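Input: a single structure, listed below in structure tokens.
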Amino acid sequence: MEGWGETGTVDQQIDSWQQELSACEREITRLRARQVVLIRQLDRYQVDCGDGARTMGDWTSARLDLSQQTSSRLTQLAHAADGEIDQAMVEGRWGLDRAAALVKLRQAGLNGDEFTEVAETYSLGRLYGLLDRLRHLDPTDETDVFEYCYLVIQPSLDESVFKLWGQLPGVDGRIVEKALSQKETEFPVFPGQGQGQRKADALTSICLDSLTGTSEEGMGRAVTVAEVFIDAHLAAESFGEQGATVSSGPRVGPNTLSEILCTGQVRVIVTDGLHPVSYTDMGEAIPGHIRRYVQWRDQNQCSIEGCHSRYRLQPHHIRERQHGGNHHPDNLITLCWYHHHVAIHGHGYRIDPTSPVHRRQ
């Protein structure tokens, strides 16, 4: 690779960026050290109580628009008032995460030369590992951990996206992690699919099983959707990307609508924007006898080549309903939940209609 003229070689430029990046972090650490001092002073006047906050950590989180984890570490350092750790932050040597971990290690009884060696030479990961070994959990600590566990589910305004976050006690967290990891191993891996996506799919799958169960043949009961409202004008102009909502509120796009029309128990109500124009009776989008025949024809397993899964088998329209497809068995195939929900209606894969019936591509 050629040099970059006056700006130096590529290696020199990369080294310069790295040095600047480290300098930025040192400056951030010094600013965090000043925040610790200010929080310590404000805490003496109990400003959190005056503003109606539950704790100083909650007050800091709200006031500075910080995560609970960051605000907790700042208030922890403020309460500790450890001169050595404070000075190291002022000098930009120990960042916020390292300083907070060292406070906990100091409280766990690590002092003297051993503390200095650990502080200067251990990586953050190794610090956390040492902290786990040294930390004492008495009954009060365990009660606090249990009482502070929570799960937040926050929908967007149109309910097209839901965000989840929370905190669990160690044992409960391990149970959830193990359940998700075990469930995700039952599904194939798609190119470019991250670990977080697979865990999200696993969580949805576990919840779906809890709500609807699965039969011995692997066909889960349909998830009931009261009504799907379609504004004919908007839907036609946008090819289904606008104008469709379900009765409980979430806005849905063409992929989700297509999946509902495969698997749901629905009543479709078409409007002109102000008045109902037509509607269907409540029932399974695909008649039950057609569903059962297609599943029998496809040997009670997923029709995708190489997949033998019987998990939550669902019918799928090769040519989608909104594109003129019908419920004729020749236009239907049996898919496992993962290939149907995740691959087709999630990632946008399409079935090759020319591929063999029991070896679909």
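Residues: numbered from 1 along the sequence shown. The shown structure was predicted, so the numbers you read here are calculated from the model rather than taken from an experiment.
- Atom CD of Glu114 has 12 or fewer neighbouring heavy atoms from other residues, nucleotides or ligands inside a 6.0 Å radius.
- Smallest separation of non-hydrogen atoms from Ala80 and Val103: CB-CG1, 3.7 Å.
- A tilted orientation is assigned to the rings of His317 and His327, their planes being inclined by 30° to 60°.
- Panel note: side chain Thr75, backbone Ser72; a donor-acceptor pair is recorded below 3.5 Å.
- Rounding to the nearest 0.5 Å gives a distance of 8.5 Å between CZ of Arg360 and OG1 of Thr354.
- A donor atom on one side chain and an acceptor atom on the other are not found under 3.5 Å apart for His339 and His316.
- Looking at Gln41, its side chain never comes within 3.5 Å of a backbone N or O of Leu38 through a donor-acceptor pair.
- By the 4.5 Å heavy-atom criterion applied to side chains, Val152 and Lys163 are not counted as neighbours.
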Under 3.5 Å, which donor-acceptor pairs do the side chains of residues 175-182 form with other protein atoms, sequence neighbours left out?
{"from": "Glu177", "atom 1": "OE1", "to": "Arg174", "atom 2": "NH1", "distance (Å)": "3.1"}
{"from": "Ser181", "atom 1": "OG", "to": "Glu177", "atom 2": "O", "distance (Å)": "2.9"}

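- Environment of CZ in Arg297: crowded, with over 12 heavy atoms of neighbouring residues, nucleotides or ligands closer than 6.0 Å.
- Here the OG-CD1 distance, from Ser71 to Ile39, works out to 8.0 Å after rounding to the nearest 0.5 Å.
- For Trp165, the CH2 atom sits in a packed shell: over 12 heavy atoms of surrounding residues, nucleotides or ligands are nearer than 6.0 Å.
- Between the Arg54 side chain and the Trp59 main chain, no donor and acceptor come within less than 3.5 Å of each other.
- Here the closest heavy-atom approach between residue Ile318 and residue Asp330 is recorded as CD1-O, 4.0 Å.
- Here CD of Glu84 is found 5.5 Å from OG1 of Thr116. Values are rounded to the nearest 0.5 Å.
- The CG atom of Asp82 sits 11.5 Å away from the CE atom of Met89 when rounded to the nearest 0.5 Å.
- Taking CG of Leu31 as the start and CG of Leu96 as the end, the distance is 12.0 Å to the nearest 0.5 Å.
- A 4.5 Å side-chain heavy-atom check between Gln314 and Arg291 finds every atom pair outside the cut-off.
- Heavy atoms from other residues, nucleotides or ligands lying under 6.0 Å from OH of Tyr45 number 12 at most.
- Applying the 6.0 Å contact sphere to CG of Asp113 captures no more than 12 heavy atoms from other residues, nucleotides or ligands.
- Side chain of Arg32 to main chain of Gly95: no donor-acceptor pair is present (N/O by atom type, distance under 3.5 Å, no hydrogens or angles).
- The shortest side-chain heavy-atom distance between Tyr311 and Gln301 does not fall under the 4.5 Å cut-off.
- In this structure Leu151 satisfies the side chain to side chain contact (heavy atoms under 4.5 Å, CB included) test together with Ile153, sequence neighbours excluded.
- For the pair Arg198 and Phe187, the NZ or CZ position fails the cation-pi test of under 6.0 Å to the six-membered ring centre and within 45 degrees of the ring normal.
- Within the 3.5 Å criterion, the main-chain N or O of Ala53 finds no donor-acceptor partner in the side chain of Asp51.
- Between the side chains of Ser205 and Tyr338, not a single donor N or O lies within less than 3.5 Å of an accepting N or O.
- Contact check for Ile351 versus Ile304: side-chain heavy atoms found under the 4.5 Å cut-off.
- Listed by chain and number, the residues in a salt bridge (Lys or Arg N to Asp or Glu O under 4.0 Å) with Glu117 amount to none (sequence neighbours excluded).
- Salt-bridge formation is detected for the pair Arg73/Asp97: a Lys NZ or Arg NE/NH1/NH2 atom is positioned less than 4.0 Å from an Asp or Glu carboxylate oxygen.
- Gln167 and Gln68 form no side-chain donor-acceptor contact under 3.5 Å, judged by distance and modelled atom types alone.
- No donor-acceptor pair under 3.5 Å is formed between the side chain of Arg319 and the backbone N or O of Asn331.
- Residues in residues 11-24 take part in no salt bridge (Lys or Arg N to Asp or Glu O under 4.0 Å) pair, two or more places apart or across chains.
- When side chains are defined from C-beta on, Leu332 does not count as touching Asp298, because their heavy atoms never get closer than 4.5 Å.
- For Arg40, the salt bridge (Lys or Arg N to Asp or Glu O under 4.0 Å) partners two or more places apart in sequence, or in a different chain, are Asp86.
- Not one N or O on the side chain of Ser16 forms a donor-acceptor pair closer than 3.5 Å with the backbone of Gln12.
- Within a 6.0 Å radius of CG in Asn111, other residues, nucleotides and ligands contribute more than 12 heavy atoms.
- Using a 4.0 Å cut-off between charged side-chain N and carboxylate O, Lys199 and Glu184 make a salt bridge.
- Separation of atoms CG (Leu335) and CD1 (Ile333) is listed at 4.0 Å; rounding is to 0.5 Å.
- In this structure, the side chains of Leu64 and Gln35 come closer than 4.5 Å at one or more pairs of heavy atoms.
- For Ser61 (side chain) and Gly57 (main-chain N/O), no donor-acceptor pair under 3.5 Å exists by modelled atom type.
- Listed here is the closest heavy atom pair of Cys302 and Leu313: N-CD2, 3.8 Å.
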Donor-acceptor list for residues 21-29 side chains, cut-off 3.5 Å, not counting sequence neighbours:
{"from": "Ser22", "atom 1": "OG", "to": "Gln18", "atom 2": "O", "distance (Å)": "3.2"}
{"from": "Glu27", "atom 1": "OE1", "to": "Arg30", "atom 2": "NE", "distance (Å)": "3.4"}
{"from": "Glu27", "atom 1": "OE1", "to": "Arg30", "atom 2": "NH2", "distance (Å)": "3.2"}
{"from": "Thr29", "atom 1": "OG1", "to": "Glu25", "atom 2": "O", "distance (Å)": "3.0"}

